[in-house]
Undergrad: 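Input: one structure, supplied below.
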There are 2 protein chains.
Amino acid sequence: MAQSRRRLAEQLRARIAAGEFADKGKLPTEDQLIEEYGATRYAVRNAIALLAEAGDVFPVRGSGVFVREDRGDGDYLSIGTTRGISGEYPGRKVSSVVYELSLLRADETLSRRMHCQEGDQVWKVVRLRLVDDEPLAYETAWYLKEFVPFINEQIAEGSLFGYARNDLGLNFGYVDKVIRAGELNAVEAKALGLKKGQPALYLDDDSFLTNGRLFNSSHIAYHYRNARFFTMTSMK
Amino acid sequence: MAQSRRRLAEQLRARIAAGEFADKGKLPTEDQLIEEYGATRYAVRNAIALLAEAGDVFPVRGSGVFVREDRGDGDYLSIGTTRGISGEYPGRKVSSVVYELSLLRADETLSRRMHCQEGDQVWKVVRLRLVDDEPLAYETAWYLKEFVPFINEQIAEGSLFGYARNDLGLNFGYVDKVIRAGELNAVEAKALGLKKGQPALYLDDDSFLTNGRLFNSSHIAYHYRNARFFTMTSMK
DNA sequence: GAGTGGTCTAGACCACGCA
DNA sequence: GCGTGGTCTAGACCACTCG
């Protein structure tokens, strides 16, 4: 059986999406949910916490759990969650043009970046990511062969994130991200259909497994007009 | 008495900073912490969860709670937490040049942005933020007078965030953020010592109180060479 | 198999909002 | 004052890592 809090969170998310709570603007009380679902308070509170983390809902002590109708109307990439670009655009055409796919051995610089030994085998994947055939990002990514034994062009054209999770069964722990603005270099600009020196949003991702081992590092140049990011941070 | 989990988290953070766990690379086990502090498992686990949220530590089932030594060596602004620019640079000189400070009435556009009625009174504060006298960001911020009854130039030169929390006693709930790259306009560029059309990292902040009411909205242009952001997202 | 963190139960009392 | 979500107690059992 799936964890009860996750199941409950999904059910509540569906009910929210169906507009079931639109009139009052808030969820039933914890006690009501406990009764409705025959769940314990632990499960109910954890489910609500998951929704709150995702920004779908915000609990106010003494008052109730309010649905955030206003949130993220736009066309944003999420920073707070990580599900791959494909996961960010459900129902839209996400494609990739593979510029490079190679298996190399880490030199000193790369070994430091990948937290591995010099000489360890590393996949390098360079792709242009497109959404509905519009260029979104020019991505350079490295994957430790220790964890990702095989990649071919077909896989690289799809979702490497989904491949790692669903086909390889890797368990993701957390992702470090560094974000900054900068000027596009000639290669990035050409791929994105922009000009050298125009703005880019640069994102450096380091993805770790649940055991704390880094398995993927990416350097991504986002198209400054086609990509914007959203995140919500709680101050609890 | 402060909440036990927060107290405990602070004590653990101090011990981590003191390098007390550097040899093993991980915290004592939950059971050991329970005994050391005479705390319950609830408090211990919650304290660890707070540290994990902040990225200071990552728990691995069956193995222990590892200290993240590697993390954020650089000079980053945090996205995951919100404590004002002053809070991001402890021990450094944070100053502001106030370009505009006025009390105005919301027109239709502003009322929509501030989730308030047309005609409601709103403070507008335009500032250049500097760290060690280097320009960091050009910020345009609005505050609802309903929650922030008074601002003067002296206050605006300091930390409005600290003023709202410590002096006005406002309780922050959460912050929505939209991040994108763009081209500086002439005003921003002049203030930041850059040129029009050069890159900027734009951050739009909406800050909400614990009761879900928006009290502050900001539009910030960050210097693309002096500002970079860090965040860590767990995939639990 | 021993030890670790993760999930869960079944309660109690507290702090805050709202009427 | 009542109803709400927040904090906390004191346990039990499960899932995973590692020797």
Side-chain angles (χ1 to χ4, degrees), chain A residues 1-9 12 21 24-53 56-68 147 169-174 208-213 234-236, chain B residues 1-9 12 21 24-53 56-68 147 169-174 208-213 234-236:
Chain A
M1 173 165 80
Q3 296 167 35
S4 58
R5 49 189 244 217
R6 278 178 214 285
R7 264 188 301 120
L8 224 175
L12 288 175
F21 311 121
K24 294 199 171 179
K26 53 182 180 175
L27 264 49
T29 68
E30 291 184 351
D31 286 344
Q32 286 170 337
L33 289 173
I34 288 169
E35 189 157 2
E36 278 186 46
Y37 288 96
T40 63
R41 198 177 177 210
Y42 176 90
V44 167
R45 281 184 60 75
N46 268 282
I48 292 171
L50 288 175
L51 298 179
E53 235 174 275
D56 295 323
V57 108
F58 71 94
V60 177
R61 171 162 15 185
S63 188
V65 178
F66 293 83
V67 175
R68 298 209 49 198
F147 300 116
L170 296 179
N171 293 315
F172 303 140
Y174 55 95
F208 298 82
L209 302 174
T210 44
N211 63 10
R213 292 288 309 278
S234 166
M235 310 199 58
K236 282 259 174 59
Chain B
M1 175 162 79
Q3 296 166 33
S4 58
R5 51 189 242 219
R6 277 178 214 284
R7 264 186 303 120
L8 224 176
L12 289 175
F21 311 122
K24 295 200 171 178
K26 52 182 180 174
L27 264 49
T29 67
E30 291 184 351
D31 286 346
Q32 286 170 335
L33 289 173
I34 288 169
E35 188 158 2
E36 278 185 45
Y37 288 96
T40 64
R41 197 176 180 214
Y42 176 90
V44 168
R45 281 184 59 74
N46 268 282
I48 291 171
L50 288 175
L51 297 180
E53 235 175 275
D56 295 323
V57 108
F58 71 94
V60 177
R61 166 157 26 179
S63 188
V65 179
F66 293 83
V67 176
R68 297 209 49 199
F147 301 116
L170 295 180
N171 293 315
F172 303 140
Y174 54 95
F208 298 83
L209 303 174
T210 43
N211 63 11
R213 291 287 311 275
S234 166
M235 310 199 60
K236 281 257 174 59

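Keep in mind it's a predicted model, so treat the numbers as computed, not measured.
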Undergrad: Could you check how far OH of B/Y42 sits from C1' of C/dT7, rounded to whole Å?
TA: 15 Å

Undergrad: Roughly how far apart are A/R45 CZ and A/T40 OG1, rounded to 0.5 Å?
TA: 11.5 Å

Undergrad: Atom CD of residue position A/E35 - does it have more than 12 heavy atoms of other residues, nucleotides or ligands inside 6.0 Å?
TA: no

Undergrad: Rounded off to whole Å, could you give me the CZ-to-P distance for the A/R45 and C/dT7 pair?
TA: 16 Å

Undergrad: Side chains of A/L33 and A/L8: does their closest heavy-atom pair fall under 4.5 Å?
TA: no

Undergrad: Going 5' to 3' along nucleotides 11-19 of chain D, which nucleotides have protein heavy atoms under 4.0 Å from the base (write B), which only from the sugar-phosphate (write S), and which from neither (write -)?
TA: -B--BBBS-

Undergrad: When the distance from CG of B/L8 to P of D/dC8 is rounded to whole Å, what number comes out?
TA: 10 Å

Undergrad: For A/T40 and for B/N171, find the nucleotide of DNA chain C with the closest heavy atom, then tell me which residue's nucleotide is more 5'.
TA: A/T40

Undergrad: Could you state the atom-to-atom distance from NZ of B/K24 to C1' of C/dG3 in whole Å?
TA: 13 Å

Undergrad: Would you mind reading off the distance between B/F58 atom CZ and C/dG6 atom P, rounded to a whole angstrom?
TA: 12 Å

Undergrad: Is there side-chain contact between B/F58 and B/V65, with at least one heavy-atom pair below 4.5 Å?
TA: no

Undergrad: Is A/R68 positioned over the aromatic face of B/F208, cation under 6.0 angstrom from the ring centre and no more than 45 degrees off axis?
TA: yes

Undergrad: Check the distance between D/dG5's P and A/L51's CG and give it to me in whole angstrom.
TA: 13 Å

Undergrad: Please report the interatomic distance CD1(B/I48) to CG(B/L12), rounded to the nearest 0.5 Å.
TA: 7.0 Å

Undergrad: Taking atom CZ of B/F147 and atom CG of B/L209, what is their separation to the nearest 0.5 Å?
TA: 5.5 Å

Undergrad: Give, ordered by number, those residues of residues 27-39 of chain B having at least one heavy-atom distance below 4.0 Å to an atom of DNA chain D; if nothing qualifies, reply none.
TA: none

Undergrad: Is the shortest side-chain heavy-atom distance between B/T210 and A/R61 below 4.5 Å?
TA: no

Undergrad: Heavy atoms, side chains only, cut-off 4.5 Å: are A/F66 and A/V60 in contact?
TA: yes

Undergrad: From C-beta outward on A/S4, which listed nucleotide comes closest to its side chain: D/dG5, D/dT7, C/dC8?
TA: C/dC8

